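Inspection log for the structure reproduced underneath, given as structure tokens.
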Amino acid sequence: MPIRTQIGIVGAGPAGLLLSHLLARAGIDCVIIESRTRDEIEGTIRAGVLEQWTVDLMNRMGLGERMMREGHFHRGITLQFDRQRHHLDFEDLTDGKKVTVYAQHEVIKDLVAARLAGGGQIIFGVSDVKLEAIETDSPRIKFRRGADGAQEEIACDFIAACDGFHGPGRQAIPAQVRNEFQKIYPFGWLGILTEAPPSWHELIYSNQDEGFALLSTRSDTVQRMYIQCDPADKIENWSDDRIWGQLHKRLEIADGWKLTEGKIFQKGIIGMRSFVCEPMRHGNLFIAGDAGHIVPPTGAKGLNLAAADVLVLSRALRSWYRYRNAELFDSYSATCLDRIWKGERFSWYMTTMLHKNPQETSFEQKIHLADMKYVVSSRAASQALAENYVGLPIDIDDV
Ligand code: RFL
Ligand code: PHB
């Protein structure tokens with residue numbers, strides 16, 4: 001007997017979990033399947049920064065209690081170059097919006113716990129996932145529990161593929177109707193978690209000496225930091241001493257400020273790409289979040305774009321089940337892509353301005369320096385950066 005539900009969701013990342021909550025609020029039934037275990041999804045270190053509307057949405061849905069208690073709320077960010085720091089005051093530049101630092105895996109923990117407590121169904125540790133009959137009114141998801149359970153089936157009205165960049169969702173859209181746009185950057189990020197108190201009161205984005213460094217935070221005792229590196233480099237080549245050496249150089253300033261070191265308990269290297277797949281719907285399959293688009297993390301946009309996609313999708317599904325109105329299905333892709341391309345532009349802009357690109361000429365590097373100087377000296381330019389960073393306008397009043 002197949003499992004019968006209205007929406008079959010593939011992937012329990014921020015997109016899939018948030019969608020399940022939005023659907024539950026609209027009285028729509030769904031089942032999530034996830035290839036990893038609950039412990040794995042709750043332990044994966046990724047994003048840190050939430051846009052103001054994402055925070056407001058979580059609170060509106062009654063999911064923000066721990067975030068409001070344990071998150072860090074900053075007035076703005078600090079940009080650094082030439083051994084000088086420049087504070088961009090987002091609260092002032094955007095009429096009161098803040099930067100919220102609350103780790104993605106904490107968001108995941110909160111969303112999973114609330115979903116399960118509300119009677120939602122999440123099947124963890126599935127394998128061999130196949131999306132079938134997506135062009136019909138009765139699409140199906142085939143999967144196995146664990147690595148070698150018997151094949152099972154979810155029979156649903158619609159499939160939401162929230163299965164990240166490497167999942168099968170996007171590939172289920174026939175290649176001849178899929179347009180993919182991609183840029184791979186010739187640098188990556190080496191990220192660490194360290195047991196240390198915060199060294200600065202807000203995030204520092206620095207472009208100095210060998211290139212980019214980011215000072216971020218997780219709690220009063222754990223800090224998150226990144227440095228630009230060769231994306232093909234191996235983490236074994238980076239001793240703790242070498243990492244601290246680079247962080248000191250790229251974050252030091254003229255006035256004797258000192259970065260506080262601590263025990264490094266997690267480190268890894270990630271590549272950086274910009275990617276968009278158009279369209280994001282085929283038949284009764286909808287793709288959302290990283291399944292449809294990737295941004296380099298410099299603009300802190302990925303999770304927030306994933307949240308925006310599923311907000312749009314939940315509205316379309318609500319309109320269908322309430323009024324049998326399919327109009328929002330037809331506009332799903334275009335509505336999402338409008339915001340996504342603005343997020344892509346901003347992430348590309350921040351990434352290009354703040355990294356030393358070994359493939360660029362000295363002319364282009366001088367242009368990036370001029371760009372940073374312009375951003376910190378012009379209210380118009382800093383306001384443009386601020387309004388993108390805290391999140392472009394989006395309406396959540398109907399949630
Ligand atoms: P996810 O989080 O990749 O979740 C997809 C889920 O689908 C599962 N899956 C499958 N399940 C069932 N069957 C299959 N066949 C499956 N294949 C895959 C996966 O196991 C996974 O659980 O995608 P989603 O939900 O779209 O969320 C996207 C965000 O995770 C991502 O955009 C952000 O992490 C990006 N990002 C940041 N975003 C922000 O908004 N603010 C930030 O500050 C920020 N910082 C970052 C980041 C990403 C980073 N990394 C590691 C790429 C910093 C970093 C370093
Ligand atoms: C993080 O804290 O992990 C973080 C913060 C800002 C970014 C990316 C990642 O732009």
Side-chain angles (χ1 to χ4, degrees), residues 3 5-51 54-71 100-127 129 141 143-146 149 152 154 156 159-167 169 193 218-219 222 224 266 286-291 302-311 313-314 317 399:
I3 301 169
T5 187
Q6 290 173 307
I7 317 299
I9 301 178
V10 186
L17 289 166
L18 208 49
L19 178 62
S20 72
H21 281 280
L22 289 161
L23 293 177
R25 268 172 92 80
I28 301 169
D29 189 45
C30 69
V31 173
I32 305 183
I33 57 166
E34 164 58 52
S35 54
R36 295 183 296 157
T37 63
R38 182 173 178 182
D39 278 352
E40 281 168 336
I41 65 165
E42 292 184 348
T44 304
I45 309 300
R46 292 186 84 177
V49 175
L50 304 178
E51 291 179 2
T54 308
V55 171
D56 295 343
L57 181 73
M58 297 262 297
N59 282 329
R60 216 178 159 89
M61 296 202 294
L63 299 165
E65 194 252 330
R66 200 165 64 94
M67 171 182 69
M68 297 314 289
R69 221 175 342 108
E70 296 178 14
T100 300
V101 190
Y102 187 61
Q104 175 165 333
H105 66 281
E106 305 295 350
V107 174
I108 297 278
K109 282 183 206 164
D110 296 345
L111 295 180
V112 168
R115 200 61 216 108
L116 295 176
Q121 199 181 348
I122 309 174
I123 307 173
F124 292 102
V126 304
S127 65
V129 173
I141 306 173
F143 68 97
R144 294 177 198 280
R145 269 177 224 245
E152 295 183 48
I154 297 176
C156 50
I159 297 176
C162 303
D163 50 351
F165 185 68
H166 301 287
L193 283 170
R218 285 294 178 266
S219 69
V222 173
R224 179 76 164 148
Q266 208 261 355
F286 296 85
I287 59 174
D290 278 14
L303 185 162
N304 297 287
L305 287 174
D309 289 351
V310 296
L311 178 63
L313 181 54
S314 69
L317 291 165
V399 175

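None of the values given here were measured: they were computed from a predicted structure.
We find the OG1-CG distance between T54 and L18 to be 8.0 Å, quoted to the nearest 0.5 Å. Rounding to the nearest 0.5 Å places CD of Q121 at 11.5 Å from CD1 of I9. Rounding to the nearest 0.5 Å places CG of L317 at 10.0 Å from SG of C30. Taken from CG in D309 to CZ in F286, the straight-line distance is 12.0 Å, to the nearest 0.5 Å. Residue L19 holds its CG atom at 10.0 Å from CG of L311, rounded to the nearest 0.5 Å. Between the CD atom of E152 and the CD1 atom of I141 there is a distance of 12.0 Å, given to the nearest 0.5 Å.
Screening E42, E34, E40 against R38 for a salt bridge (charged side-chain N to carboxylate O under 4.0 Å, His left out) leaves a single residue, E42. Just one residue in the list E70, R66, R218 forms a side chain to side chain donor-acceptor pair (under 3.5 Å) with Y102, and that residue is R66.
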Given side-chain contact (heavy atoms from CB on, under 4.5 Å), test C156 with I7 step by step and report yes or no. CA-CA 6 Å; C156 50; I7 317 299; 6.0 Å; no
side-chain contact (heavy atoms from CB on, under 4.5 Å) between D39 and F124, worked out: CA-CA 10 Å; D39 278 352; F124 292 102; over 6 Å; no
Check against side-chain contact (heavy atoms from CB on, under 4.5 Å), I108 and R46: CA-CA 11 Å; I108 297 278; R46 292 186 84 177; over 6 Å; no
Taking it one step at a time, do D290 and H166 satisfy side-chain contact (heavy atoms from CB on, under 4.5 Å)? CA-CA 9 Å; D290 278 14; H166 301 287; over 6 Å; no
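Under the 3.5 Å distance criterion, the side-chain polar atoms of D163 are left unmatched by any main-chain donor or acceptor of V10. Between the N304 side chain and the V49 main chain, a donor and an acceptor come within less than 3.5 Å of each other. The backbone N or O of V222 sits less than 3.5 Å from a side-chain atom of S219, completing a donor-acceptor pair.
Nearest approach of A47 to L303, heavy atoms of both residues: CB-CD1, 4.1 Å. Contact detail for I32 and G16: the closest heavy-atom pair is CD1-O, 3.8 Å. Here the shortest heavy-atom pairing between G146 and S127 reads O-OG, 2.7 Å. Counting all heavy atoms, side chain and backbone alike, D110 lies closest to M67 at OD2-N, 4.3 Å. Closest approach of L17 and S20 over heavy atoms only: O-OG, 2.6 Å. The minimum heavy-atom distance between A15 and V310, with the atom names listed, is O-CG1, 3.4 Å.
Looking at R36 and T44, their side chains do bring a donor and an acceptor atom within 3.5 Å of each other.
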